[in-house]
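First up is the structure itself, then whatever we jot down about it.
Start at 1 and go down the list; that is how both ligands and their atoms are numbered. If you read the sequence from its start, that first residue is 1, and numbering goes on from there.
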Amino acid sequence: MLRRIIYVVTPTYPRTNQLPEMTRLAQTLMLVPDIHWIVAEDSPEENPLLLNYLISTGLPYTYLKSPMPRQMNRWRVPPVGVSGRRAAIAWIRANAQTGVVYFADDDNTYDYRLFEEIRSTREVSMFPAGFVTKLQLSTPIVRDGRYEGWYDGWIFDRKYPVDMATFAFSVELLRKRPRANMAWTYSYQEESILASLGVKPEDIEFKADDCTKIWVWHTKSIKPELADRKILQPEYDGTNLRVLQEQMFIKPLPKRQEQVQVLPNIITSSSEFIQEVEMGSTEEEEEEDNFSDTSGEFAPEYQY
Ligand code: UGA
Ligand code: MN
């Protein structure tokens with residue numbers, strides 16, 4: 001019998017430590033059969049380093065180029081990860097009838113046993129996540145197998161005060177709720193998708209042995225600084241460093257020098273791409289801000 005597919009949705013963005021993070025996640029996913037990895041990248045350009053890596057893993061994947069609308073970069077707290085998750089939701093609606101959806105950020109740490117647990121999710125399932133807020137834990141409170149409340153450092157007015165890593169939902173439920181989506185917000189991302197899926201706390205399916213096991217950790221990594229330009233020196237011509245530099249994020253020249261100095265032609269297109277991403281573009285500054293924060297409500301369908 002064909003088992004239900006788990007759609008693992010990973011928003012990601014180009015940065016110095018993107019590939020090590022994706023490597024860690026990919027190698028966990030290699031331990032799990034019957035998954036489909038939806039990698040949604042927050043970048044206006046396709047990222048050849050990431051694409052080549054995805055192909056090399058042999059994992060079944062779909063790559064979605066899903067940049068956050070540029071105007072949102074100027075919000076006080078930009079809704080990071082939302083454009084990727086919304087693009088993935090749209091892709092799943094268009095391509096899947098059954099299965100399970102799980103939002104797996106690229107920097108968290110996952111025990112492979114979690115995935116077998118969530119495969120049987122009928123509507124919405126939940127399980128604990130470690131290292132979230134100062135409580136270092138986000139989980140439903142379960143007594144005698146039944147829902148009793150929430151343990152999370154950020155409850156306030158939320159009806160579902162849990163971290164992104166603590167829940168999964170079925171494709172069937174997503175299809176039953178055609179308006180379900182994640183709102184363009186930083187603080188109410190989990191709230192918006194869970195509320196729009198319309199599940200009652202009493203109906204949540206508890207996984208990880210009735211929420212007694214921590215099988216996902218909200219780890220954070222240090223982002224290493226850009227590599228020194230030493231690697232570009234002519235003495236290394238003809239060596240392996242010319243190949244390795246294509247996989248590095250190299251410091252751009254200081255602005256003033258850039259005008260007078262001609263860039264050596266050893267800087268190839270992929271280094272240029274990397275520099276562009278790191279330095280950001282200035283033209284977007286002039287554009288009007290057409291978006292407003294829709295915290296707590298559901299934004300209209302995002303066209304991508
Ligand atoms: C915080 C919250 O604790 C999470 O519950 C929430 O999912 C997340 O923000 C979010 O807003 O997405 P935090 O660890 O601080 O988590 O956020 P990151 O790990 O920096 O980003 C979350 C995901 O979005 C990652 O997979 C990351 O690669 C991606 N991301 C981040 C982008 O796609 N674009 C960005 O500009 C930044
Ligand atoms: Mn994170």
Side-chain angles (χ1 to χ4, degrees), residues 8-26 28-29 37-47 49-50 53-54 61 63-89 101-110 126-139 150 152-156 158 160-169 181-194 216-224 277-281 284 293-295 299 302 304:
V8 179
V9 172
T10 300
T12 186
Y13 67 110
R15 60 196 191 279
T16 48
N17 58 338
Q18 181 183 33
L19 276 198
E21 302 287 36
M22 293 298 276
T23 301
R24 207 154 50 98
L25 176 49
T28 301
L29 296 180
W37 195 13
I38 303 181
V39 176
E41 192 171 37
D42 182 359
S43 168
E45 322 268 347
E46 273 150 40
N47 173 351
L49 289 178
L50 177 61
Y53 179 68
L54 289 176
Y61 74 91
Y63 173 88
L64 302 175
K65 187 166 73 175
S66 47
M68 182 167 73
R70 288 184 301 177
Q71 295 88 340
M72 293 182 187
N73 278 315
R74 281 182 282 138
W75 287 10
R76 196 171 45 82
V77 193
V80 295
V82 175
S83 58
R85 298 194 194 97
R86 288 174 67 105
I89 287 171
V101 184
Y102 181 53
F103 295 129
D105 286 357
D106 60 4
D107 56 340
N108 292 342
T109 306
Y110 306 88
M126 286 194 184
F127 32 87
F131 296 159
V132 185
T133 74
K134 67 172 194 279
L135 303 180
Q136 307 300 354
L137 183 65
S138 175
T139 183
W150 307 99
D152 187 281
W154 194 69
I155 291 187
F156 300 104
R158 298 164 77 195
Y160 308 92
V162 281
D163 183 73
M164 192 69 72
T166 65
F167 63 91
F169 54 93
N181 214 338
M182 187 171 289
W184 292 111
T185 166
Y186 179 78
S187 310
Y188 291 90
Q189 295 182 2
E190 297 87 348
E191 188 72 13
S192 59
I193 182 69
L194 286 167
V216 52
W217 305 85
H218 198 125
T219 40
K220 286 179 182 287
S221 309
I222 290 169
K223 188 157 74 176
V277 167
E278 285 299 320
M279 292 164 74
S281 134
E284 66 204 47
D293 194 335
T294 55
S295 306
Y302 168 45
Y304 69 99

CG of Asn47 to CG of Leu54: how many Å apart, nearest 0.5 Å? 9.0 Å
Just need the protein heavy atom nearest to atom 1 (C) of ligand 1, so name the residue and atom and give the distance. Tyr186 OH, 3.5 Å
Would you verify that at least one protein heavy atom lies under 4.0 Å from atom 20 (O) of ligand 1, or report that none does? no
At what distance is the nearest protein heavy atom to atom 7 (O) of ligand 1, and which residue and atom is it? Arg85 NH2, 3.1 Å
Could you list which atoms of ligand 1 come closer than 4.0 Å to a heavy atom of Asp106? 25 (C), 26 (O), 27 (C), 28 (O)
among protein heavy atoms, the one nearest atom 18 (P) of ligand 1 is Asp107 OD2, 4.2 Å
For atom 22 (C) of ligand 1, which protein heavy atom lies nearest, and how many Å away is it? Asp105 OD2, 3.3 Å
Going from CZ on Arg24 to CG on Asp107, what distance comes out if it is rounded to the nearest 0.5 angstrom? 7.5 Å
Decide whether the shortest distance between a heavy atom of His218 and an atom of ligand 1 is less than 4.0 Å. yes
Is the closest heavy atom of Glu190 to ligand 1 under 4.0 Å? yes
Is the Phe156 ring parallel, tilted or perpendicular to the Trp154 ring (thresholds 30°, 60°)? perpendicular
Starting from atom 11 (O) of ligand 1, find the nearest protein heavy-atom neighbour and note its residue, name and distance. Gln189 NE2, 3.0 Å
Among Ser66, Pro79, Pro11, which one satisfies side-chain contact (heavy atoms from CB on, under 4.5 Å) with Arg85? Pro11
Check: Leu137 and Pro128 side chains under 4.5 Å, non-hydrogen atoms: yes
Closest protein heavy atom (residue, atom, distance) for atom 32 (C) of ligand 1: Tyr13 CD2, 3.6 Å
Rounded to the nearest 0.5 Å, the NZ atom of Lys65 sits from the CD atom of Glu41 at a distance of 10.0 Å
If you count the atoms of ligand 1 from 1 in the order shown, which ones are under 4.0 Å from a heavy atom of Met164? 5 (O), 7 (O)
For the Mn ion (ligand 2), find the closest N/O/S atom belonging to Asp107 and write down its atom name. OD2
Nearest 0.5 Å, please: how far is CD in Glu190 from CZ in Phe167? 6.0 Å
Protein heavy atom at shortest distance from atom 13 (P) of ligand 1: Lys220 NZ, 3.3 Å
Please work out which of the three classes, parallel, tilted or perpendicular, describes the rings of Trp217 and Phe131, given edges at 30° and 60°. tilted
I need the atoms of ligand 1 closer than 4.0 Å to a non-hydrogen atom of Asp163, numbered in the order shown. 3 (O), 4 (C), 5 (O)
Starting from atom 24 (O) of ligand 1, find the nearest protein heavy-atom neighbour and note its residue, name and distance. Gly81 CA, 3.6 Å
Criterion side-chain contact (heavy atoms from CB on, under 4.5 Å) against Tyr110, the qualifying member of Thr219, Val8, Leu25: Leu25
Hey, does Glu41 sit under 4.0 Å from ligand 1 if you only count heavy atoms? no
Could you grab the distance from atom CE of Met72 to atom CH2 of Trp184, nearest 0.5 Å is fine? 4.5 Å
What I want to know is whether Thr10 and ligand 1 share at least one N or O pair that is separated by under 3.5 angstrom. no
Distance, nearest 0.5 Å, that separates OH of Tyr13 from CG of Asp106: 7.5 Å
Within reach of ligand 1, part of Asp42 (heavy-atom separation under 4.0 Å): side chain
